[in-house]
Amino acid sequence: GRIYVGVGKDREPEGERAYRRVLQSDKADAVENYRKHLDEVIRERVKPVPFFTIEQVHLLGRPVFVIVVEAGREKPYSTVHGNDVFIRPG
């Protein structure tokens, strides 16, 4: 499956400013740092760690991340904190 990060509720890309706000940083490398942040969050909080890639694309000239998660054999996946379980319908 795919998870799109950096797209607002209005389906418009939020862009680099949103990544800086989340990281509380004005650094020019906010987009790359946010990609690293996403990678760390997934690896630290989802168990078992799924096989995934994080791709950066541009929508309307703004950076958006696409997390591509491969189907796994060790279902269900859950969060470390709260033990929430992810089940994909269908």
Side-chain angles (χ1 to χ4, degrees):
R2 287 184 166 79
I3 302 169
Y4 294 86
V5 179
V7 178
K9 291 180 182 178
D10 59 359
R11 298 182 182 169
E12 292 291 323
E14 295 179 335
E16 187 173 345
R17 189 177 321 156
Y19 305 131
R20 289 181 182 174
R21 186 176 61 245
V22 170
L23 294 174
Q24 299 178 350
S25 170
D26 287 330
K27 293 183 180 179
D29 56 354
V31 173
E32 178 58 24
N33 287 341
Y34 195 78
R35 188 198 65 72
K36 291 175 184 176
H37 172 73
L38 289 172
D39 188 86
E40 289 173 8
V41 167
I42 293 168
R43 291 182 189 283
E44 290 175 4
R45 298 187 184 177
V46 179
K47 300 299 176 199
V49 177
F51 179 75
F52 68 95
T53 58
I54 301 175
E55 302 170 0
Q56 182 183 339
V57 298
H58 284 84
L59 295 176
L60 302 175
R62 298 182 187 145
V64 172
F65 291 102
V66 181
I67 303 171
V68 180
V69 183
E70 299 297 323
R73 296 182 185 172
E74 299 180 62
K75 300 173 188 172
Y77 294 97
S78 64
T79 61
V80 173
H81 306 290
N83 207 28
D84 297 320
V85 176
F86 302 99
I87 299 175
R88 185 175 122 189

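Just so you know, these numbers use all the heavy atoms, side chains as well, and skip hydrogens, waters and symmetry mates. Just so you know, these numbers come straight off a predicted model, no measurement behind them.
In this structure, V46 is not a member of the same hydrophobic cluster as Y4, with clusters built from ILVMFWY side-chain heavy atoms closer than 4.5 Å. Hydrophobic clustering, with ILVMFWY side chains joined whenever heavy atoms are under 4.5 angstrom apart, keeps L59 apart from Y34. Note: the hydrophobic cluster containing V69 also contains V5 (ILVMFWY, side chain heavy atoms under 4.5 Å, direct or indirect links). The cluster map of Ile, Leu, Val, Met, Phe, Trp and Tyr, joined by side-chain heavy atoms under 4.5 Å apart, puts L38 and F51 in different clusters. In the hydrophobic cluster analysis, where Ile, Leu, Val, Met, Phe, Trp and Tyr join through side-chain heavy atoms closer than 4.5 angstrom, V57 is grouped together with V68.
Among residues at least two apart or in separate chains, there is no side-chain hydrogen bond (donor to acceptor under 3.5 Å, both in side chains) pair with a member in residues 47-68.
Of all non-hydrogen atoms in E12 and L60, the two that sit nearest each other are OE1-CD1, 3.4 Å. Of all non-hydrogen atoms in F65 and V31, the two that sit nearest each other are CZ-O, 3.2 Å.
With sequence neighbours excluded, no residue satisfies salt bridge (Lys or Arg N to Asp or Glu O under 4.0 Å) with D29.
In this structure, NE2 in H37 is found 12.5 Å from CZ in R35, a value given to the nearest 0.5 Å.
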